[in-house]
Engineer: 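Got a structure for you, written out below as structure tokens; questions coming shortly.
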There are 2 protein chains.
Amino acid sequence: MGRRRYHQYCPVARALDVVGERWTLLIARELLLGPRRFTDLAEGLPGIGSSVLAGRLADLEQSGLVAKRTLPPPAASVVYELTHQARGLAPVLAALADWGMNLLDRPHENDQVHGRWLVQGLAVTAKSAPSTPDATYELRVDNEAFQVRSHDGRVQAADGPASNPNATITLTTDTLAALATGDLDIPSPRADRLIAIDGDTVGAQRLLASLTPIRTITDTAEQR
Amino acid sequence: MGRRRYHQYCPVARALDVVGERWTLLIARELLLGPRRFTDLAEGLPGIGSSVLAGRLADLEQSGLVAKRTLPPPAASVVYELTHQARGLAPVLAALADWGMNLLDRPHENDQVHGRWLVQGLAVTAKSAPSTPDATYELRVDNEAFQVRSHDGRVQAADGPASNPNATITLTTDTLAALATGDLDIPSPRADRLIAIDGDTVGAQRLLASLTPIRTITDTAEQR
DNA sequence: CTGCATCCGCTTCGATACTG
DNA sequence: CAGTATCGAAGCGGATGCAG
């Protein structure tokens with residue numbers, strides 16, 4: 001209903017009026033990979049509480065950022081998807097992810113770890129990587145399929161299998177997390193055992209390696 | 001104290017754990033232009049309530065994003081400033097501002113309008129503008145001085161007068177707002193009357209013109 | 001089973017008052 | 001000026017209920 005606003009004639013404040021509430025940008029994060037159903041969203045946002053999710057979706061719909069669509073039969077299920085305007089939030093999420101990478105460290109006590117989130121992190125680190133040739137990769141994380149496409153400097157992730165990928169990468173969520181923590185290096189014999197690559201091995205390895213945090217001298221010294 | 005977190009091993013969620021609460025990114029917006037005192041911050045964040053501001057600053061200090069510093073005598077006042085890590089939020093704020101520009105429209109009933117905010121908007125629109133030669137401009141908005149520097153593709157705003165600016169631009173907050181709404185065009189006779197430019201007139205006009213919203217066909221048709 | 005609405009205890013917010 | 005104290009209102013998280 002009557003959302004809380006900042007009442008500032010400022011572009012940042014206006015943006016936060018619409019997407020600044022708790023959970024809202026994470027809903028956008030989920031939907032950036034593709035349309036999702038209510039329960040899928042809830043599962044990707046552990047702890048949200050159904051009423052808050054429903055409220056946020058209603059607010060976003062009213063703001064013209066989310067559209068509710070009924071899939072054609074025989075699916076006939078309702079999905080939420082981002083509008084064109086909301087897809088303009090991609091750079092915001094990317095900037096946040098870029099900055100947040102430095103805070104990622106490793107999973108805490110009761111952190112949830114979803115392959116979906118790390119695939120998006122992968123797209124961000126890949127963009128920052130020195131050379132990113134145009135290519136498409138399919139990632140199968142715990143039997144869930146994602147695609148990461150890089151096309152003239154932009155890298156974007158999406159739900160679902162890729163068509164004609166340069167490589168198909170199969171691994172588990174834990175393996176993806178191990179790459180993000182730096183516990184698993186690429187290339188390495190252990191990585192070869194945990195990750196199956198079908199197709200352009202070099203490109204796939206470069207993609208996965210971009211997720212590995214940069215070790216500073218301090219990091220190495222503090223290593224135990 | 002114990003801030004509310006998302007408990008997700010995801011770069012976006014981690015970032016929002018630290019800067020996702022209400023007001024926090026707006027505090028960063030204020031401090032990105034330079035160090036500020038408590039009351040200056042409060043004045044730039046109308047409606048925040050002093051206890052919330054104090055709490056946020058304490059949280060940010062504990063997160064290593066804000067440092068409290070006592071100015072050398074005779075000032076001897078306490079200022080808050082962003083740490084190096086927090087200055088990494090600049091792209092986040094820029095992305096938000098970029099996206100929020102489309103929501104800006106015009107000031108609502110009880111919106112506050114601060115020149116400070118629009119100067120930052122100016123820096124964002126200038127960056128997106130087609131050609132941005134290296135230059136420094138001083139903006140005097142209602143007797144408050146700002147500087148906008150563009151240097152190889154990056155444009156940043158800061159508090160205070162510029163040294164050796166290419167031009168000095170003097171105008172009021174209302175005039176700046178009129179540019180943002182599109183009510184004032186550049187160049188135009190009315191603009192010449194409201195804006196004083198000392199130095200590189202062409203560059204200064206190009207800078208100011210970048211703030212003018214792009215009128216779509218729909219906008220023009222809907223105009224009344 | 002999905003997509004919510006309702007209720008409840010707790011936290012957070014906003015506004016004002018007050019203090020060194 | 002730079003906060004802390006206080007208090008009613010709003011928002012959140014979790015559980016439960018229920019209609020399609």
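Here the structure is a predicted model, which is why all the values come from computation and not from measurement. Here is the naming used below: chain letters follow the sequence lines, and residue numbers restart at 1 for every chain.
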Engineer: What one-letter contact string describes nucleotides 15-20 of chain C from 5' to 3', where B marks a base within less than 4.0 Å of any protein heavy atom, S marks contact via sugar-phosphate atoms alone, and - marks no contact?
Structural biologist: BBB---
Engineer: How many Å lie between CG on A:D59 and C1' on D:dA10, as a whole number?
Structural biologist: 14 Å
Engineer: Not counting sequence neighbours, list each pair that qualifies as a side-chain hydrogen bond (donor to acceptor under 3.5 Å, both in side chains) and has a residue in residues 139-151 of chain A.
Structural biologist: A:D134-A:H151, A:E138-A:R140, A:D142-A:T173, A:Q147-A:R149
Engineer: With sequence neighbours excluded, what pairs up with A:D111 under the side chain to side chain donor-acceptor pair (under 3.5 Å) test?
Structural biologist: B:R14
Engineer: Donor-acceptor pairs under 3.5 angstrom involving side-chain atoms of residues 46-58 of chain A: please list them, not counting sequence neighbours.
Structural biologist:
residue, atom, partner, partner atom, Å
A:R56, NE, A:R22, O, 2.8
A:R56, NE, A:T24, OG1, 3.4
A:R56, NH2, A:R22, O, 3.2

Engineer: Once side-chain hydrogen bond (donor to acceptor under 3.5 Å, both in side chains) is applied, what residue pairs with a partner in residues 174-183 of chain B remain, sequence neighbours excluded?
Structural biologist: B:R106-B:D183, B:T172-B:T175, B:T181-B:D183
Engineer: Given atom CZ of A:R4 and atom P of D:dA9, what is their separation to the nearest angstrom?
Structural biologist: 13 Å
Engineer: Over how many whole Å does the gap from B:L41 atom CG to D:dC1 atom P extend?
Structural biologist: 13 Å
Engineer: Should B:Y80 be listed as having a side-chain N or O under 4.0 Å from OP1 or OP2 of D:dG3?
Structural biologist: yes
Engineer: Go through the structure and list residues passing side chain to side chain donor-acceptor pair (under 3.5 Å) with A:E61, not counting sequence neighbours.
Structural biologist: none
Engineer: How close or far is atom P of C:dG14 from atom OH of A:Y6, stated in whole angstroms?
Structural biologist: 8 Å
Engineer: Using whole Å, what does the distance between atom C1' of nucleotide D:dG3 and atom CD of B:E43 come to?
Structural biologist: 17 Å
Engineer: Output yes when A:E30 and A:R116 qualify as a salt bridge under the 4.0 Å nitrogen-oxygen rule, no when they do not.
Structural biologist: yes
Engineer: Taking only the side-chain nitrogens and oxygens of A:R56, find out if one of them lies under 4.0 Å from OP1 or OP2 of D:dC12.
Structural biologist: yes
Engineer: Can you tell me the distance, in whole Å, between the CZ atom of A:R5 and the P atom of D:dA10?
Structural biologist: 15 Å
Engineer: Which pairs with one or both residues in residues 37-71 of chain B pass ring-ring contact (aromatic ring centres under 6.0 Å, His included), sequence neighbours excluded?
Structural biologist: none
Engineer: Report yes if at least one side-chain N or O of B:K68 is closer than 4.0 Å to OP1 or OP2 of D:dG3; otherwise report no.
Structural biologist: yes
Engineer: What integer distance in Å separates B:L71:CG from D:dC1:C1'?
Structural biologist: 13 Å
Engineer: Does anything in residues 21-39 of chain B come within less than 4.0 Å of DNA chain D? Heavy atoms only, and list the residues if so.
Structural biologist: B:R37, B:F38, B:T39
Engineer: Considering residues at least two apart in sequence or located in another chain, which fulfil the side chain to side chain donor-acceptor pair (under 3.5 Å) criterion with A:W99?
Structural biologist: none
Engineer: Nearest-Å distance, CG (B:N110) to C1' (C:dG14)?
Structural biologist: 15 Å
Engineer: Which is it for B:M101 and B:T125 under the side-chain contact (heavy atoms from CB on, under 4.5 Å) test, yes or no, and what are the steps along the way?
Structural biologist: CA-CA 9 Å; B:M101 269 296 167; B:T125 57; 3.8 Å; yes
